[in-house]
Amino acid sequence: MTKPAPLTPADSDLSDFGFMPLDVGRFRRSDLVTQEEPEAIVAAVLLWGAAWHSKPAGSLSNDDRSLAHAAGFGRAVDAFRSIRDAALRGFVECSDGRLYHPVVAEKAREAWEAKLKRLWRTECATIRKRNERAEKAGIETREECPTFEDWRASRYSRDVTRDKGDKSHATRAIG
């Protein structure tokens, strides 16, 4: 059986997002809540949070030691294994070998897209300010803000940090 493709982009990173949305109605009606023991439910929620902050977002390493730690069992891997299947209810192993929960991945994709759009809007605002400064200085150059799609595609063809090899003002000052 072929494993599905990863459910979130490989570069998705929500580790700076302290909030993970929870559809309370969906959660309360889930098979996890209606059919599993409380210890497994708590472990599942902890695993969702760990997946939210993993890279790629929404995924977990398929390793019992890592999963036990993320589920709040620390080094008690055997104790975790007793509730592993229940705690991982809904998770699927994808072609990258990682575990993804479709609902967590859905929310992670939405958050990642929103994060990228915010970064794009910030870059466009920077371009506008740079154009305003150039205009005030009498410089004819005019830089256009890329479409979101063009900007997103360009992220993969350049260093994400936008490092141009130059030292920052602070770094130049100290050597």
Side-chain angles (χ1 to χ4, degrees), residues 1-126 145-156 160-161:
M1 185 172 134
T2 305
K3 294 177 184 170
L7 303 182
T8 57
D11 65 338
S12 59
D13 180 2
L14 301 175
S15 59
D16 58 338
F17 279 41
F19 170 81
M20 180 183 78
L22 175 68
D23 183 333
V24 176
R26 192 175 186 177
F27 173 65
R28 292 186 68 223
R29 291 185 305 274
S30 71
D31 288 346
L32 173 71
V33 170
T34 61
Q35 297 176 11
E36 301 299 346
E37 297 299 320
E39 189 175 33
I41 296 167
V42 170
V45 173
L46 290 172
L47 290 170
W48 297 345
W52 184 258
H53 280 161
S54 290
K55 296 175 200 166
S59 72
L60 294 170
S61 172
N62 192 4
D63 168 72
D64 281 354
R65 195 171 272 191
S66 298
L67 291 168
H69 181 74
F73 283 77
R75 294 182 180 181
V77 178
D78 288 336
F80 169 72
R81 285 184 181 132
S82 72
I83 58 115
R84 183 187 196 281
D85 290 343
L88 290 172
R89 182 186 276 271
F91 277 87
V92 293
E93 184 176 355
C94 290
S95 60
D96 63 355
R98 295 183 66 82
L99 301 172
Y100 292 80
H101 191 286
V103 177
V104 175
E106 170 191 329
K107 302 297 182 187
R109 284 190 309 273
E110 291 169 2
W112 180 241
E113 188 77 9
K115 181 178 183 176
L116 290 177
K117 285 184 178 175
R118 188 181 70 247
L119 291 170
W120 169 69
R121 285 191 302 271
T122 299
E123 187 162 322
C124 287
T126 300
C145 181
T147 65
F148 176 69
E149 293 74 21
D150 288 345
W151 175 84
R152 189 172 190 173
S154 74
R155 291 184 82 237
Y156 299 102
V160 174
T161 62

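Keep in mind that the numbers below use all heavy atoms, side chains included, and drop hydrogens, waters and symmetry copies.
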Using the test side chain to side chain contact (heavy atoms under 4.5 Å, CB included), find all partners of [X] that sit at least two apart in sequence or belong to another chain.
| X | answer |
| --- | --- |
| Asp64 | Leu67, Val77, Phe80, Arg81, Arg84 |
| Ala79 | Phe73, Ala76 |
| Arg29 | Arg26 |
| Ser82 | none |

*Pairing residues for Lys117 by the salt bridge (Lys or Arg N to Asp or Glu O under 4.0 Å) criterion, not counting sequence neighbours*: none
*What residues, two or more places apart in sequence or in another chain, satisfy salt bridge (Lys or Arg N to Asp or Glu O under 4.0 Å) together with Glu110?*
none
_If the condition is side-chain hydrogen bond (donor to acceptor under 3.5 Å, both in side chains), which residues does Thr2 pass it with, not counting sequence neighbours?_
none
*With sequence neighbours left out, what residues match Thr126 under side-chain hydrogen bond (donor to acceptor under 3.5 Å, both in side chains)?*
none
*Enumerate the residue pairs fulfilling disulfide (SG to SG under 2.5 Å) with a member in residues 50-125, sequence neighbours excluded, ordered by first and then second residue.*
Cys124-Cys145
*Keeping to residues at least two apart or across chains, list the disulfide (SG to SG under 2.5 Å) pairs with something in residues 5-53.*
none
_With side chain to side chain donor-acceptor pair (under 3.5 Å) as the rule and sequence neighbours excluded, what pairs involving residues 36-57 come up?_
Glu36-Arg89
*Would you mind listing every ring-ring contact (aromatic ring centres under 6.0 Å, His included) that reaches into residues 5-24, with sequence neighbours excluded?*
none
